[in-house]
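Computed from a predicted structure; not experimentally measured. Only this structure's heavy atoms are used, side chains among them; waters, hydrogens and symmetry mates stay out. Residue numbering restarts at 1 for every chain, and letters A, B, ... go by the order of the sequence lines.
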Amino acid sequence: MLGLTIREVSLALREGRISPKELCQKCLKLIKKTKFLNSYITVTEDLALEQAEEAEIRFQRGKPLGPLDGIPVAVKDNFSTANIETTCASVMLKGYIPPFNATVVQKLLDQGAVLMGKTNLDEFAMGSGSTDSIFGPVRNPWSYSTHCRDRSGQTPGGGTSDSDWAVTGGSSGGSAAAVASLTCFASLGSDTGGSTRNPAANCGIVGLKPTYGLLSRHGLIPLVNSLDVPGIMTRSVHDAATVLAGVLQGHDPKDSTTVDYPITPINLPDDIDVSSICIGIPREYHAPGLSSETLSHWSRTAELFEKAGARVVEVSLPHTQHSIVCYHVLCMAEVASNMARFDGLEYGYRSAVDSSTEAMYAATRHEGFNDVVRRRVLSGNYFLLKHNCKLFVVKQIRIGHLGYNFVLMFVCCVCFRLLTPTTLTEAIRYTDFTKEDNRTRSAQEDIFTQPVNMAGLPAVTVPVALASTRLPISLQLIGQAFQEQKLLTVANWLEQQVKFPLIELPDMHENTEKSSSSLAV
Amino acid sequence: MAASSVGSCVVCSCINRVSPSQRHLLRTFTYNSFFIRNVRTSYLCFQNQVQAQIKSDPRQLVAVVGLEVHAQIHSKSKLFSGSHVKFSAPPNSLVSFFDASLPGTLPVLNRRCVEAAVMTGLALNCTINKKSLFDRKHYFYADLPAGYQITQQRVPIAVNGSLAYSLVVGQKRKEVVTKSVRIKQIQLEQDSGKSLHDDSRSQTLIDLNRAGVGLMELVMEPDMCCGEEAATAVRELQLILQALGTSQANMSDNDVLSDLSLSSAHDPSKQGSLKREIASFITLDLLIFSTDYEIERQMAVLESGGVVVNETRAFDFKSGPGITLIVLNFIFFFSLRFMPEPNLPPLIVYDRQTVPPNADPQQVINVDWIREQLPQLPQMKRRHLVEHYGLLPEHSITLVNEDGLMDYFVSVVQETTTEPKKVVGWIIKDLLALLKQHSLNVSQSPISPSSLAELLNLLEAGKISSSVAKLVFQELWRGTGRSASQIVQEQDLSMVHDRGAIQQICQAVIDSHQEEVRAIQGGNKRVLNRLVGLVQKEVKGRADPVQVRAILEEKTS
């Protein structure tokens with residue numbers, strides 16, 4: 001049952017094959033079993049059961065709210081949740097309980113979704129491995145799948161010597177692992193430079209980064225305001241569309257950067273004809289470090305499109321290499337600015353040092369933030385000094401827009417969608433990942449994903465195959481702004497073609513119906 | 001102190017004493033009951049030339065004064081949040097999640113504040129930028145919860161305006177000159193919270209009620225040359241803002257704060273390189289005093305061959321009259337960091353040509369619509385007084401510049417047959433003088449416009465003499481609740497019209513002052529005035545002085 005998609009489980013709920021409460025309890029049980037993955041920071045067990053009970057009443061009355069009613073979901077711990085601790089995986093916000101819900105969270109709850117908990121991430125979403133959290137790193141569930149275990153002999157939650165598991169990618173690693181390990185049916189991540197797509201790709205699930213301005217950022221604790229978007233993680237493209245329709249708000253009066261987008265249900269046709277579409281393959285994405293396996297799956301997928309009649313053309317995005325530089329300058333400048341509010345006065349952590357206000361600030365910020373955050377704040381403030389600001393930030397914004405225009409121009413004029421890898425390789429082992437620092441890893445890991453944020457476009461990652469390591473390889477489709485429906489339609493077609501397998505966690509079989517694996521998409 | 005989380009909209013945070021060096025950076029603090037606010041540095045900072053040496057003749061020194069005025073926008077809610085704006089509400093009772101900088105909250109621009117800034121810009125002849133941008137200005141301070149202030153550094157809402165103000169000059173202060181100061185820009189800006197320093201417990205208490213309140217920052221070019229000019233310009237601005245209703249512009253409520261920049265140099269064109277600032281003042285008198293003090297101080301430094309350093313000073317009331325203190329140095333300026341505000345799209349305003357055809361008037365800001373709503377401005381009021389009532393320009397200035405005095409004047413004029421020119425004499429020379437003497441506002445005047453009008457009507461009708469009128473005026477001021485005619489009746493002050501009686505009194509005065517009579521007869525006609533005075537004393541001023549004079553002349557000739 002837990003391996004079903006939202007569409008399937010929603011039908012099961014309607015037909016009474018399972019009740020919302022039973023579903024919730026199953027998920028809670030699995031969350032406990034998969035605790036070693038470290039996907040969740042907070043499990044809101046009582047609240048989830050309460051919400052499931054409410055959903056149950058609605059189902060009993062025959063009046064469910066919609067396709068998300070009674071569906072267990074998880075939310076990254078950088079979305080504000082009323083009366084639920086929201087930590088950003090940082091000492092700074094440990095114990096911080098927001099008094100309000102982020103708009104997207106509120107929308108999910110309004111649709112009857114059952115919140116299972118808050119998921120782990122890199123501190124303040126700064127990272128690409130979900131390894132820099134005060135709650136410890138997140139483990140990739142695929143490291144413990146039967147596919148993978150057969151190969152490497154891993155055991156779930158193994159002993160202390162167990163460090164040879166793969167990372168989830170980041171920064172929304174907890175959200176990705178939660179969905180991939182079947183503890184919930186959908187999760188919210190945030191995507192600033194790839195933070196939703198990167199872990200989704202590594203964990204073999206669908207990760208959608210919507211167009212900037214489509215979803216409200218109100219309540220999302222910002223990393224880079226001008227790039228952040230709430231991301232959606234599910235086990236199928238169809239589910240991503242369902243959740244997207246569920247959290248769509250149109251213009252949110254609480255977020256001035258949202259656009260007035262008509263709220264229409266996103267319908268993905270089952271019979272898709274791709275013969276009329278054009279797929280662009282950006283030349284610059286043949287980047288150093290791209291694994292041969294990823295490259296071959298990329299090429300094979302392009303061929304799939306071609307065979308189905310789509311026009312596949314090579315395109316050039318000459319600004320791609322500058323994009324990551326712009327991204328880092330912008331990112332650090334905004335980080336320095338956004339982190340300025342964490343001074344220990346109004347909320348969050350406050351140091352015991354109290355000799356003066358400045359000393360208290362300094363100590364609070366030193367003790368509250370990890371090295372990564374502090375390093376970005378320091379360099380960001382350097383960029384923001386008035387004489388540097390013009391030199392770096394304003395220039396980067398201009399270049400960023402140039403890049404934006406380029407990507408946009410290509411996507412709009414030459415072809416409708418771009419097909420690229422999501423990551424250079426499949427997920428890396430933790431021991432290898434931590435050989436490089438956070439900054440280097442972010443630059444490597446976000447290479448294919450962050451230009452999309454710079455351009456504000458929608459993109460979706462779809463798992464296409466398992467690598468020889470038995471870890472997922474995913475590809476990214478980039479669409480035109482506010483054309484999520486078209487993008488997801490193509491992604492849906494791709495998903496149908498590749499028939500990516502459902503994860504098989506050894507211990508899970510005892511707890512779930514046998515049908516789960518056979519019902520995989 | 002333990003970490004705390006905000007569970008409601010009330011934030012009451014207690015932090016340890018701000019260190020001495022930081023104390024000088026306070027944005028606002030109470031100091032001998034005056035509010036002093038530190039400088040706005042947006043256009044003064046980052047001068048490459050930190051100091052300049054003056055080598056030529058100091059006798060040709062000219063001072064230039066620039067001003068940055070912060071006016072609190074009169075609006076129900078704050079600039080970017082729905083919290084109410086109210087003076088003297090209980091601490092931290094008007095704080096939204098955004099005002100307390102809870103992570104994840106976003107600014108939402110208040111339309112009313114934009115309209116106020118546009119209207120002010122139009123009244124000050126500014127060009128309204130159809131597209132303006134918001135920026136973040138960063139610095140750490142305890143009452144600045146987000147660690148930055150949202151302002152308009154790069155592209156403000158209004159630019160290139162001017163403010164005309166009339167100055168009364170000359171030895172007799174009868175000459176009126178009209179001057180003009182250029183308005184560089186008007187920008188929308190958030191206010192910060194308030195820090196209250198509790199010395200005895202060595203704590204700083206923070207009140208965020210004011211945090212996020214909308215301000216208009218008006219930057220005036222250094223076109224003024226002394227404290228009086230600066231104060232007159234600020235007063236004119238205050239009157240304009242009040243007329244527009246865009247700011248209550250109450251100096252005592254901290255609605256208007258001016259920061260002064262000042263420099264002295266030989267060549268006015270080189271002024272830009274020499275900047276001094278004095279932090280803001282709550283009264284115009286203090287503004288005049290400290291400006292002139294600082295000009296003198298700078299000139300003395302230059303004359304003695306010294307060097308004027310670019311710095312910021314505050315006016316210190318404790319240390320005695322006219323001491324300016326250094327409060328900010330350049331290090332602080334360099335620690336300010338700016339960045340475009342990513343959470344607010346560009347602010348677009350429209351005019352009749354560009355307004356989208358189906359736009360909801362509640363959703364868009366149309367400059368032309370706002371222009372049509374502009375009320376009568378102070379300068380127009382003065383012109384009206386001069387043209388319609390035939391008043392002298394200097395009187396029109398006094399009437400308009402004193403709160404409520406023009407209305408008072410108009411009310412009196414409506415109820416009396418007395419010429420407006422005479423009415424203004426009574427209002428300015430008698431009433432206003434007394435009000436000032438007792439530190440009262442026009443609204444607190446014990447004499448209402450109608451009772452003054454009644455008095456003037458008695459005088460005009462010849463029922464009382466002018467000296468009696470002054471007496472009755474004094475009586476009215478005491479506020480016994482009796483009207484002018486009641487006073488005249490009760491104290492028997494009506495004019496004596498009986499010629500025989502006056503002749504008798506005149507005769508008695510002549511009889512008892514033979515020496516004076518001889519002097520008059522000897523040709524010294526001026527002595528006659530003394531006799532007139534003595535007669536008036538006898539009749540308690542109730543006789544017609546012309547008649548008395550005629551009788552006396554007749555009798556002494």
Note to self: For Ser80(A), which atoms come within 4.5 Å of any heavy atom of chain B: side chain, backbone, both, or neither?
What the structure shows: side chain

Notebook entry, point to check: If you measure from OH on Tyr148(B) to CZ on Arg341(A), what distance do you get to the nearest 0.5 Å?
Noted result: 4.0 Å

Checklist line | Under 4.5 Å from any heavy atom of chain B - which part of Asn338(A) | finding: both

Checklist line | Nearest non-hydrogen partners of Arg136(B) and Ser337(A), listed with the distance | finding: NH1-OG, 2.5 Å

Margin query: Check this for me: Asn83(A), atom CG, are more than 12 non-hydrogen atoms of other residues, nucleotides or ligands nearer than 6.0 Å?
Written below: no

Note to self: Can you tell me how the ring of Phe100(A) sits relative to the ring of Phe97(B), calling it parallel under 30°, perpendicular over 60° and tilted otherwise?
What the structure shows: parallel

Margin query: Around atom NZ of Lys130(B), are there more than 12 heavy atoms from other residues, nucleotides or ligands closer than 6.0 Å?
Written below: yes

Check: Going from OG on Ser256(A) to CD on Glu341(B), what distance comes out if it is rounded to the nearest 0.5 angstrom?
Finding: 9.0 Å

Notebook entry, point to check: Looking only at heavy atoms, what is the nearest atom pair of Pro222(A) and Gly104(B), with distance?
Noted result: CD-N, 3.9 Å

Checklist line | Close side-chain approach of Phe338(B) and Leu384(A), heavy atoms under 4.5 Å | finding: no

Checklist line | Neighbour count above 12 (heavy atom, 6.0 Å) for His251(A) NE2 | finding: yes

Note to self: Within the 4.5 Å heavy-atom criterion, are Pro253(A) and Val108(B) side-chain neighbours or not?
What the structure shows: no

Checklist line | Portion of Leu220(A) that has a non-hydrogen atom of chain B nearer than 4.5 angstrom | finding: backbone

Check: With distance as the sole test, does Tyr361(A) use its side chain to make a donor-acceptor pair with the main-chain N or O of Ala142(B) at under 3.5 Å?
Finding: yes

Margin query: Could you check whether Thr105(B) and His218(A), counting side-chain N and O atoms only, form a donor-acceptor pair closer than 3.5 Å?
Written below: no

Checklist line | Least distance between heavy atoms, Met339(B) atom then Ala333(A) atom | finding: SD-O, 3.7 Å

Margin query: Just verifying a value: how many Å separate Thr357(A) OG1 and Ile206(B) CD1, rounded to the nearest 0.5 Å?
Written below: 8.0 Å

Note to self: To the closest 0.5 Å, what do you measure between OG (Ser101(B)) and CG (Asp343(A))?
What the structure shows: 6.5 Å

Check: Does the side-chain contact (heavy atoms from CB on, under 4.5 Å) test come out yes or no for Leu106(B) and Lys254(A), once each step is laid out?
Finding: CA-CA 7 Å; Leu106(B) 299 166; Lys254(A) 288 173 183 162; over 6 Å; no

Check: Does the side-chain contact (heavy atoms from CB on, under 4.5 Å) test come out yes or no for Arg217(A) and Asn343(B), once each step is laid out?
Finding: CA-CA 10 Å; Arg217(A) 291 182 293 117; Asn343(B) 292 326; 2.9 Å; yes

Next item on the list: Please name the pair of heavy atoms, one in Tyr96(A) and one in Pro103(B), separated by the smallest distance, quoted to 0.1 Å.
Entry: OH-CD, 3.6 Å

Notebook entry, point to check: What is the distance from atom CG of Asn381(A) to atom CZ of Arg337(B), rounded to the nearest 0.5 Å?
Noted result: 4.0 Å

Note to self: With a 4.5 angstrom heavy-atom cut-off, is it the side chain or the backbone of Phe342(A) that approaches chain B, or both, or neither?
What the structure shows: side chain

